[in-house]
Amino acid sequence: MSEAEAPVAELVAVRKEYTAGAVTALAGVSLQVGRSTFLSLEGPSGCGKTSLLNLLGLLDVPSSGSVRWNGRDAGRLPERERARLRLAGVGFIFQRFHLLPTLTAAQNVELPLRAIRRPAAQRERRVAELLDRVGLTARAQAYPHQLSGGEEQRVAVARALANGPGLLLADEPTGELDRASADTVLDLLVSAHRDSGAALVVVTHNPEVAARAQRHLVMRDGRILSDSAAE
Amino acid sequence: MSWRQAGRELRHLRFQTALALCAIAVAVALPVVLLSVGGGVVAHELDALQHSGFQIVVGASGLHGISSTHTLSSRIGALANVRASSPLLSLPLTVFLPGGGEAPVLAEGVIPGPFLATASPQESGLFPQPLPLGDPTDSVHFANGTYRGPATNSILLSSPLATARGIGTGDRIGLSASGNRSQTTEFNVTGTFGLPPSLLGPTGAFVAILPLSDLQLRSGTALSGSGALIDGSDSIEVALSGSAASDSGAVASVASAIQGLVPYYDVATQDQQVAALLDAESVLTGFYLALSSFSLAIGFVFLGVLLVRRVEALRAPIALRRAVGVPARSLAGEFARTAVALGAGGAALGVVAGIVVVRVLAAYGSPAVSAVAQLAVFDPVQLLGIAAAVVAVAMLLSLAATRAALRLSIPEALR
């Protein structure tokens with residue numbers, strides 16, 4: 001399989017254990033995330049959704065099994081290499097937004113662009129474009145504490161899209177938002193996925209999110225209970 | 001992250017930042033005070049040395065120090081380029097006052113003429129001129145080593161002693177080396193003199209000056225028990241004439257000639273004394289820095305702990321940066337900038353605090369402390385050196401914070 005045909009990310013018989021094996025978060029999970037896939041991930045608390053997301057995004061290393069990126073085993077690369085892959089290839093959106101409190105909305109969006117050493121003029125253009133896309137041009141100079149929850153999450157979406165990643169990972173992105181804000185954020189994510197062709201994996205309890213996904217996974221006790229695409 | 005953002009990060013955790021700045025400031029203030037005051041005292045002494053009225057000192061160890069002083073002084077005075085050769089003998093004596101009291105004094109035996117000729121302009125202004133001690137050469141009483149000439153029995157008292165004990169010109173006082181009133185010799189007080197400002201406060205305030213031969217007789221350094229000549233003194237100060245006084249080659253040449261006269265005595269030029277003083281200063285500076293290293297070490301430990309604590313306090317933002325893929329070197333740079341900002345800020349505060357402490361001591365300290373504090377010299381190079389050292393160590397300490405940041409579990413920190 002060529003790199004172009006390979007899944008953007010793949011877990012092969014992955015186990016993830018914590019506290020020296022006392023807690024098993026993932027018990028031999030295998031999963032392929034294809035290019036341009038919108039995949040929703042559902043399941044009760046503690047079933048391993050976030051652990052799976054962290055492994056897909058190279059934030060964590062598996063206890064066993066392998067994590068493949070574009071056909072390449074990336075799960076056990078040194079942290080420096082994984083950081084480089086994350087910077088260029090993954091956009092994260094967290095339930096709690098995780099904006100840097102001392103940076104403005106524009107600076108938060110600019111963070112990945114700075115890290116990848118884009119020239120200042122390019123950064124400025126890209127930040128303006130992304131803030132316009134999420135409807136926050138007027139709030140560019142606002143600090144996170146001056147933004148509403150919905151606005152914060154929109155900034156987080158803009159930040160996740162900054163480097164044009166091939167994989168967007170969202171961990172309950174609407175979990176702390178009101179209905180209207182949740183709809184806006186979801187629309188943004190879906191349109192970003194559609195427009196950029198990036199794969200989108202969303203952990204959610206929201207049935208509306210799941211309903212819009214092309215593929216729906218349900219997890220329990222560290223295993224994938226059902227995979228709608230596989231059915 | 002820019003420097004402006006580093007400043008914002010520091011303001012974000014104001015209390016921690018303020019504590020770190022205070023710790024470093026206190027740590028830096030101590031060396032600033034020690035080095036500025038110590039340096040000031042040495043600079044003052046150097047200045048006094050360089051502006052003294054003599055360029056060469058002859059000294060000797062032993063029971064009576066220099067012997068045959070009158071003869072030797074005359075021979076030195078006869079050397080080319082020598083303007084004056086002034087022997088000094090210092091001894092503690094007891095003064096018995098007209099009213100019946102007594103006081104310990106430091107008695108200085110001098111030959112009146114050369115004594116004033118070897119005094120600095122500042123010193124000579126404190127004495128009546130010519131010195132009202134009778135024979136300016138002290139040769140009449142000395143009488144070629146017989147001490148049988150007529151003594152003037154004149155004495156000058158320092159104004160603090162005269163004022164404290166109500167003694168005036170024309171009074172008669174008794175002088176004894178043994179402290180026994182029955183063994184006193186009477187002297188006429190022929191004048192008083194002022195004292196130059198002393199770093200040691202009133203310690204040297206009770207001073208009497210009298211002809212060398214008189215003091216030698218009182219102290220047993222004139223003749224031995226068998227009648228052999230001692231003619232002792234502690235040192236001989238030698239002043240050169242004209243341009244030779246400021247020509248180190250000429251000074252060395254005269255010193256060499258004196259050494260030829262007295263190969264068994266110490267002959268030190270002013271340059272050698274300056275060098276010795278500078279050596280002493282470097283030793284003192286080392287001692288001050290060693291002392292200061294304790295306070296600096298405490299400040300650095302505090303800063304290190306605080307930088308690591310900042311990692312704990314900023315777990316989520318740090319983990320977010322790492323999750324996004326910000327390289328480790330960028331994180332290291334951020335911590336280095338934070339540490340440099342704290343180090344430089346604390347060092348600047350410490351320098352200011354040190355200067356303020358010295359100024360306060362100079363204004364409100366006890367007389368002795370105030371006098372010393374007023375001499376403080378704030379050397380910009382030295383202060384910058386301290387600040388640079390603090391910043392350098394702060395940068396090293398930032399590595400500990402970077403290490404802690406890179407060891408954070410991203411998933412746990414973002415949970």
Side-chain angles (χ1 to χ4, degrees), chain A residues 16 18-19 25 46 48 50-61 78-104 107-117 120 143-145 156 159-163 165 169 171-172, chain B residues 1-18 20 307 309-342 399 401-415:
Chain A
K16 182 63 188 174
Y18 297 104
T19 328
T50 299
S51 294
L52 186 144
L53 216 59
N54 289 337
L55 289 169
L56 276 177
L58 303 181
L59 289 180
D60 210 349
V61 291
E79 167 57 19
R80 192 172 61 177
E81 290 295 319
R82 287 188 287 126
R84 195 175 300 162
L85 289 174
R86 286 198 300 268
L87 180 59
V90 192
F92 290 99
I93 297 122
F94 302 96
Q95 182 178 0
R96 290 179 188 164
F97 323 136
H98 285 309
L99 298 185
L100 300 185
T102 56
L103 302 186
T104 63
Q107 287 167 335
N108 266 286
V109 176
E110 194 187 14
L111 185 69
L113 297 165
R114 269 186 180 275
I116 213 165
R117 293 178 176 272
Y143 286 94
H145 70 271
R159 181 180 64 196
L161 298 174
N163 282 337
L169 299 175
D171 192 354
E172 302 197 36
Chain B
M1 189 173 73
S2 67
W3 283 100
R4 198 194 302 175
Q5 282 162 5
R8 213 178 289 141
E9 292 276 346
L10 289 172
R11 284 199 298 278
H12 187 60
L13 295 172
R14 283 188 190 85
F15 187 61
Q16 284 191 6
T17 301
L307 285 171
R309 280 284 303 132
R310 287 182 83 84
V311 174
E312 284 300 308
L314 299 170
R315 278 168 64 89
I318 290 167
L320 186 277
R321 281 190 166 91
R322 288 185 52 205
V324 166
V326 171
R329 64 171 182 279
S330 294
L331 282 173
E334 289 172 23
F335 281 108
R337 270 189 282 272
T338 302
V340 165
L342 283 172
L399 295 177
T402 303
R403 185 168 174 271
L406 293 178
R407 288 165 68 99
L408 270 183
S409 161
I410 301 174
E412 277 181 31
L414 290 177
R415 193 170 289 163

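Each chain gets a letter, A, B and so on, in the order its sequence line appears, and its residues count up from 1. What you are looking at is a predicted structure, and each value in this text was computed from that prediction instead of being measured. Atom set for the values below is all heavy atoms of this structure, side chains included, hydrogens, waters and symmetry mates excluded.
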S.K.: Among A:Arg159, A:Arg80, A:Arg84, which residue forms the greatest number of heavy-atom pairs with chain B at distances under 4.5 Å?
M.R.: A:Arg159
S.K.: Quick one, B:Leu320 and A:Phe94 - any side-chain contact, counting heavy atoms below 4.5 Å?
M.R.: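 B:Leu320 vs A:Phe94: side chains touch.
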S.K.: Is it the side chain or the backbone of A:Phe97 that comes within 4.5 Å of chain B heavy atoms, both, or neither?
M.R.: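 Nothing of A:Phe97, per the 4.5 Å heavy-atom cut-off to chain B.
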S.K.: For A:Arg96, is it the side chain, the backbone, both or neither that has a heavy atom under 4.5 Å from a heavy atom of chain B?
M.R.: side chain
S.K.: For B:Ala323, is there any backbone N or O sitting under 3.5 Å from a side-chain donor or acceptor partner on A:Arg86?
M.R.: yes
S.K.: Quick check: under 4.5 Å, non-hydrogen atoms only, which of residues 51-60 of chain A neighbour chain B?
M.R.: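 Listed by number, the contacting residues are A:Asn54, A:Leu59, A:Asp60.
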S.K.: Ignoring hydrogens and angles, tell me if any N or O in the side chain of A:His98 forms a donor-acceptor pair with the backbone of B:Pro317 under 3.5 Å.
M.R.: no
S.K.: Please state whether the side chain, the backbone, both or neither of A:Pro101 comes within less than 4.5 Å of a heavy atom of chain B.
M.R.: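 Contact with chain B: side chain only.
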S.K.: Please classify the contact between B:Leu314 and chain A as side chain, backbone, both or neither, with a heavy-atom cut-off of under 4.5 Å.
M.R.: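 Contact with chain A is absent: no heavy atom of B:Leu314 under 4.5 Å.
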S.K.: Answer with side chain, backbone, both or neither: which region of A:Glu79 has an atom nearer than 4.5 Å to a non-hydrogen atom of chain B?
M.R.: side chain
S.K.: Rounded to the nearest 0.5 Å, what's the gap from CG on A:Leu111 to CZ on B:Arg321? Could you check?
M.R.: 6.0 Å
